[in-house]
Amino acid sequence: ANGELIDDFQKVAKKAKEDEVSYSQRHQALTADHEKIRASLEFKELSHAEHMSMVEERLETLEMDLARETRRIEDKAEEQLHFLVGK
């Protein structure tokens, strides 16, 4: 009976060790997947931020161009008005 008990105990211990190794491997795989996902998200956030920065810069440039063009048209209209009033 003692021999059987020792056998059962050894089987349980072996199974526990296998489960521990299996759990450890799954944990490592999940951790690696998590790191990949986190790195991918950080890259996407960074590229999104860079893209938004580019868009904002372009928008500022367009706003300045629009303001400059508006002033040019207003100046031209004022010149035309002075010319017509002078006649």
Side-chain angles (χ1 to χ4, degrees):
N2 261 357
E4 227 176 89
L5 206 54
I6 290 172
D7 270 358
D8 286 349
F9 178 75
Q10 285 176 334
K11 284 179 188 169
V12 168
K14 185 180 176 195
K15 176 79 172 111
K17 187 69 179 162
E18 288 169 359
D19 287 351
E20 184 184 343
V21 168
S22 172
Y23 172 78
S24 177
Q25 289 169 341
R26 285 198 311 262
H27 182 264
Q28 286 174 346
L30 285 171
T31 301
D33 286 347
H34 181 257
E35 283 300 309
K36 284 182 205 163
I37 291 168
R38 196 174 61 74
S40 173
L41 285 174
E42 284 176 358
F43 174 77
K44 286 177 183 168
E45 285 175 10
L46 184 62
S47 61
H48 177 71
E50 287 172 350
H51 179 71
M52 287 305 294
S53 177
M54 230 172 50
V55 168
E56 286 170 3
E57 284 175 23
R58 182 74 182 120
L59 185 58
E60 285 174 15
T61 302
L62 289 171
E63 287 171 346
M64 287 189 296
D65 290 349
L66 179 62
R68 187 172 50 248
E69 195 60 24
T70 302
R71 279 193 307 275
R72 193 182 69 74
I73 290 169
E74 286 171 346
D75 290 348
K76 201 164 192 91
E78 206 173 307
E79 284 175 19
Q80 296 276 333
L81 192 61
H82 285 309
F83 178 74
L84 289 173
V85 169
K87 276 191 162 186

K.L.:
Side chains of residues 57-73: which donor-acceptor pairs under 3.5 Å do they make with residues two or more places apart or in other chains?
P.N.:
unit_1: Thr61; atom_1: OG1; unit_2: Glu57; atom_2: O; d: 3.0
unit_1: Asp65; atom_1: OD1; unit_2: Arg68; atom_2: NH2; d: 2.6
unit_1: Glu69; atom_1: OE2; unit_2: Arg72; atom_2: NE; d: 3.2
unit_1: Glu69; atom_1: OE2; unit_2: Arg72; atom_2: NH2; d: 2.6
unit_1: Thr70; atom_1: OG1; unit_2: Leu66; atom_2: O; d: 2.7

K.L.:
Below 3.5 Å, can you tabulate the donor-acceptor pairs from side chains in residues 5-16 to any protein atom, sequence neighbours excluded?
P.N.:
unit_1: Lys15; atom_1: NZ; unit_2: Asp19; atom_2: OD1; d: 2.9

K.L.:
Just to verify, what does His48 make a side chain to side chain contact (heavy atoms under 4.5 Å, CB included) with, not counting sequence neighbours?
P.N.:
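His48: side chain to side chain contact (heavy atoms under 4.5 Å, CB included) contacts with Met52.
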K.L.:
Roughly how far, to the nearest 0.5 Å, is the NE2 atom of His51 from the CD atom of Glu56?
P.N.:
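Separation between the atoms: 10.5 Å.
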K.L.:
Below 3.5 Å, can you tabulate the donor-acceptor pairs from side chains in residues 24-32 to any protein atom, sequence neighbours excluded?
P.N.:
unit_1: Arg26; atom_1: NH1; unit_2: Ser22; atom_2: OG; d: 2.9
unit_1: Thr31; atom_1: OG1; unit_2: His27; atom_2: O; d: 2.8

K.L.:
Which atom pairs, donor and acceptor, lie under 3.5 Å between side-chain atoms of residues 34-46 and protein residues at least two apart or in another chain?
P.N.:
unit_1: Glu35; atom_1: OE1; unit_2: Arg38; atom_2: NH2; d: 2.9
unit_1: Arg38; atom_1: NH1; unit_2: Glu42; atom_2: OE2; d: 2.6

